[in-house]
Protein chains: 2
Amino acid sequence: MGLISMAEADRVKKAGPRSTGRPTIRDVSQLAGVSRMTVSRAISDPELVLPATREKVAKAIAALGYVPDRTAGSLSSRKTGFIALMLPTLTNANFAAVAHGLTEALRDANFHLLIAYTEYDMVEEERQLRNLLARRPEAIVMTGATHSPAASKLLLAADVPIIEIADLPSRPIGHVIGFSNHEVGRTAARYLIDKGHTRIGAIGGTVEGEVRDHRGEERMRGFEDELRLAGLSADAVLRYGEAPLSYDHGAAAIGRLLEKSPDCQAVFAVSDLSAVGAMMQCQRMGVSIPDQLSLIGFGDFEIGRIVNPPLTTIHVDFNELGRRTGATLLALLGEDGNARPGRVDVGLSVVERESVRKA
Amino acid sequence: MGLISMAEADRVKKAGPRSTGRPTIRDVSQLAGVSRMTVSRAISDPELVLPATREKVAKAIAALGYVPDRTAGSLSSRKTGFIALMLPTLTNANFAAVAHGLTEALRDANFHLLIAYTEYDMVEEERQLRNLLARRPEAIVMTGATHSPAASKLLLAADVPIIEIADLPSRPIGHVIGFSNHEVGRTAARYLIDKGHTRIGAIGGTVEGEVRDHRGEERMRGFEDELRLAGLSADAVLRYGEAPLSYDHGAAAIGRLLEKSPDCQAVFAVSDLSAVGAMMQCQRMGVSIPDQLSLIGFGDFEIGRIVNPPLTTIHVDFNELGRRTGATLLALLGEDGNARPGRVDVGLSVVERESVRKA
DNA sequence: AACAATTATGGGACCGATATCATCGAAAAG
DNA sequence: CTTTTCGATGATATCGGTCCCATAATTGTT
């Protein structure tokens with residue numbers, strides 16, 4: 001017969017000069033005696049293929065050790081299966097938890113997370129974003145509300161869903177799933193005031209120069225605003241050191257603060273890590289918590305539950321935040337691709353433990 | 001004239017039916033009046049292009065807001081620019097540090113890290129690996145030495161450089177950059193013995209059933225081996241709870257251990273996090289460290305420096321490990337692609353602080 | 001029994017870049 | 001002044017999948 005079937009044609013076809021040598025879908029189709037399309041369907045849409053055919057294909061795949069090339073698939077289908085996630089740093093349990101939760105949520109949908117760290121640096125953020133965009137992510141998750149104009153422009157031009165998390169920006173670019181950092185500060189201040197304190201301080205990052213951790217700074221501002229509202233002095237609010245803030249920061253900062261304002265009765269730390277560092281430093285200085293000094297933190301890190309006394313803190317459900325983000329992503333990438341941008345406030349709560357004097 | 005230049009041909013060419021609408025290299029080439037190849041070169045190999053031409057291309061790129069599509073580039077060049085990194089979890093400062101260090105090292109070479117978490121689960125590891133392989137990473141970094149046979153087979157078939165880190169496997173698959181977890185345990189035991197302790201215990205994960213954290217288990221074994229070598233009893237070595245181990249684990253485990261072996265003088269915790277949890281629990285129980293109980297941990301986590309007393313621990317330079325891995329990767333993906341597998345032991349050291357009684 | 005609808009599969013173009021080889025003019029060599 | 005070399009650029013095939021439409025086989029409809 002003069003007709004040459006597709007399978008026949010493929011059987012003749014050799015791998016081209018630029019091939020890698022790894023088995024391709026063509027090799028599978030030849031071995032199984034079906035067309036490439038059938039192999040493709042057997043993999044990604046099995047119910048479209050007859051069980052018997054499916055079986056043949058499965059055998060060929062196993063025999064060859066074939067692993068599909070998603071690079072090629074992405075190019076053709078214009079679906080990369082990538083979600084870009086931009087974080088200040090991974091070296092922070094809460095951000096790591098977000099990444100973790102997101103990965104979890106996206107795992108079954110066969111998405112991959114592309115993570116970039118900005119190190120609290122806006123120039124770096126733009127560079128990273130450009131690199132990320134080259135991978136054609138199907139959605140972008142950004143942490144923190146403040147971006148450079150250039151970054152915002154890139155984001156807009158990307159023409160994919162954008163989710164801003166861990167903040168409640170006033171002029172959001174896309175979807176928002178977060179909480180108010182300003183409100184965190186205010187809540188901390190109100191709590192300390194309610195417990196009867198009047199000489200109240202705070203420790204957070206950035207002395208002078210550019211602000212790196214805008215979310216932390218927002219918490220400081222909220223704290224100051226609430227103090228002023230209550231007619232209290234914000235003199236003992238100390239900005240010191242640069243993000244990322246950790247234990248050492250708290251230890252150093254509390255020393256400076258108590259030197260400057262020895263009569264301080266209560267302190268808010270913009271991060272639990274700082275708070276724990278401060279607590280340990282107080283132990284060393286013989287300052288008793290909460291008898292001589294009340295301490296409240298933010299983030300509800302695991303370590304805060306463990307120290308003595310257990311740390312009172314402001315809790316935000318980062319797990320929930322990660323899960324909500326994952327669910328939103330899945331919805332956005334599924335049917336309602338252009339649902340109008342939503343705004344979710346996951347809220348916050350005070351976790352009362354024993355590092356604050358009882359009223 | 002009858003000739004139609006390439007630029008002319010492109011000027012005529014419209015975007016095909018499957019195009020995304022985002023500007024492509026063709027759009028840039030048309031606007032700049034050069035061929036696509038010239039645009040490609042202007043971007044990735046500028047010195048091959050005349051400055052004047054380069055300029056034209058740069059203008060066109062800026063005007064269109066063109067961002068190259070690395071998916072297409074990857075397919076064509078068979079270089080994806082991906083490095084796969086498989087970790088037990090990201091929720092561990094040391095692993096996060098490795099990821100961080102690696103990202104840093106690869107940033108300028110324009111590589112992206114594809115991170116997968118196994119959650120200390122070998123079935124999950126295989127599934128993740130398969131997904132990762134579909135992205136055609138140019139190298140694979142694996143944590144921990146124990147893989148399922150299927151995973152090992154996949155790894156071998158992938159035909160890319162493989163680096164196993166954070167362990168020193170006896171039968172490695174590829175390059176190794178790590179340290180001996182067994183030796184960590186032995187060193188801890190020797191240290192406690194040298195300080196004059198004779199009733200020595202340890203806390204780590206896994207009661208019965210399958211071992212999840214093989215590296216942690218290796219440390220426990222090394223510890224036991226050294227005790228036996230010294231003719232001491234390993235009765236107070238307690239396995240309890242499942243990886244990932246954190247503060248709570250230590251708090252719970254130390255309680256059980258002291259209940260079972262009240263005369264225990266010294267304890268090794270397979271993780272600093274457990275150690276700190278144990279320390280805080282001891283504070284609560286009125287057990288003084290190091291007077292009544294000596295404590296040594298592993299990992300040299302930041303929190304260990306901050307607590308009172310500061311925690312004696314075994315340090316491994318995970319930063320160095322990450323950097324070494326990055327450097328090896330760059331070398332492997334640069335010139336000597338098939339350098340014979342190397343084996344680097346980054347070693348370990350005891351960080352003497354104050355949680356162990358002085359001899 | 002004739003025709004429409006449905007199911008299973010195949011053929012070929014296409015996604016957006018780069019590898020590779022060809023071309024062409026200018027500079028260097030003889 | 002011719003020949004060779006080199007530098008800049010262009011034309012085309014190709015990477016490995018999937019989209020889209022065509023076709024053949026099967027089932028359902030009246």
Side-chain angles (χ1 to χ4, degrees), chain A residues 3-10 13-30 32-54 56-57 66-81 134-136, chain B residues 3-10 13-30 32-54 56-57 66-81 134-136:
Chain A
L3 281 183
I4 296 180
S5 76
M6 176 61 183
E8 202 75 39
D10 263 5
K13 195 116 180 187
K14 293 282 189 309
R18 281 162 69 182
S19 161
T20 55
R22 297 199 51 150
T24 73
I25 202 170
R26 166 168 277 132
D27 299 314
V28 176
S29 77
Q30 288 173 208
V34 299
S35 74
R36 286 175 294 156
M37 239 356 263
T38 300
V39 175
S40 175
R41 277 191 278 254
I43 293 171
S44 51
D45 231 336
E47 58 274 25
L48 290 182
V49 174
L50 232 43
T53 313
R54 213 151 47 191
K56 280 192 295 182
V57 171
Y66 170 69
V67 178
D69 185 336
R70 284 195 82 183
T71 302
S74 296
L75 179 60
S76 178
S77 67
R78 279 141 306 139
K79 290 190 178 175
T80 56
R135 300 290 190 179
R136 296 292 187 265
Chain B
L3 282 182
I4 294 180
S5 76
M6 176 62 183
E8 203 74 38
D10 263 6
K13 195 119 182 185
K14 292 284 190 305
R18 283 163 68 183
S19 162
T20 56
R22 296 199 50 152
T24 73
I25 202 169
R26 166 167 277 130
D27 299 313
V28 175
S29 78
Q30 288 174 208
V34 300
S35 73
R36 286 177 292 156
M37 250 341 277
T38 299
V39 175
S40 175
R41 278 190 278 254
I43 292 170
S44 51
D45 231 338
E47 58 274 27
L48 291 182
V49 174
L50 232 44
T53 313
R54 214 148 52 189
K56 280 193 296 184
V57 171
Y66 170 70
V67 178
D69 184 335
R70 284 195 82 182
T71 302
S74 296
L75 180 59
S76 178
S77 67
R78 282 143 305 140
K79 290 189 178 176
T80 57
R135 300 290 191 180
R136 297 292 189 267

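Chain letters run A, B, ... following the sequence lines, proteins first and then strands; every chain starts at 1. Keep in mind it's a predicted model, so treat the numbers as computed, not measured.
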Short N/O separations, protein against nucleotides 22-26 of chain D, under 3.5 angstrom:
none

What's the shortest heavy-atom distance between A:Arg70 and A:Gly81, and which atoms?
NH2-CA, 3.8 Å
Specify the closest pair of heavy atoms between B:Thr38 and B:Val49, including all atoms of both residues, with the distance to one decimal.
O-CG2, 4.1 Å
Can you check the [X] [atom1] to [N] [atom2] distance for me, whole Å?
X	N	atom1	atom2	answer
A:Asp27	D:dC15	CG	P	12 Å
A:Leu50	C:dT6	CG	P	18 Å
A:Ile43	D:dT18	CD1	P	7 Å
A:Lys56	C:dA8	NZ	P	14 Å
A:Asp45	C:dT9	CG	P	13 Å

Once rounded to the nearest 0.5 Å, what's the spacing between atom CZ of A:Arg136 and atom OG1 of A:Thr80?
9.5 Å
Look only at the side chain of A:Ser44 and the backbone of A:Ser40, and say whether a donor-acceptor pair between them is shorter than 3.5 Å.
yes
Side chain to side chain donor-acceptor pair (under 3.5 Å) with [X]: which residues, sequence neighbours excluded?
X	result
B:Thr71	B:Asp69
B:Arg78	none
B:Ser74	none

What is the per-nucleotide protein-contact pattern of nucleotides 15-21 of chain C, from the 5' end, where B denotes a base atom under 4.0 Å from a protein heavy atom, S denotes such proximity for sugar-phosphate atoms only, and - denotes neither?
BBBBBB-
Tell me the salt bridge (charged side-chain N to carboxylate O under 4.0 Å, His left out) pairs involving residues 40-49 of chain A, sequence neighbours left out?
none
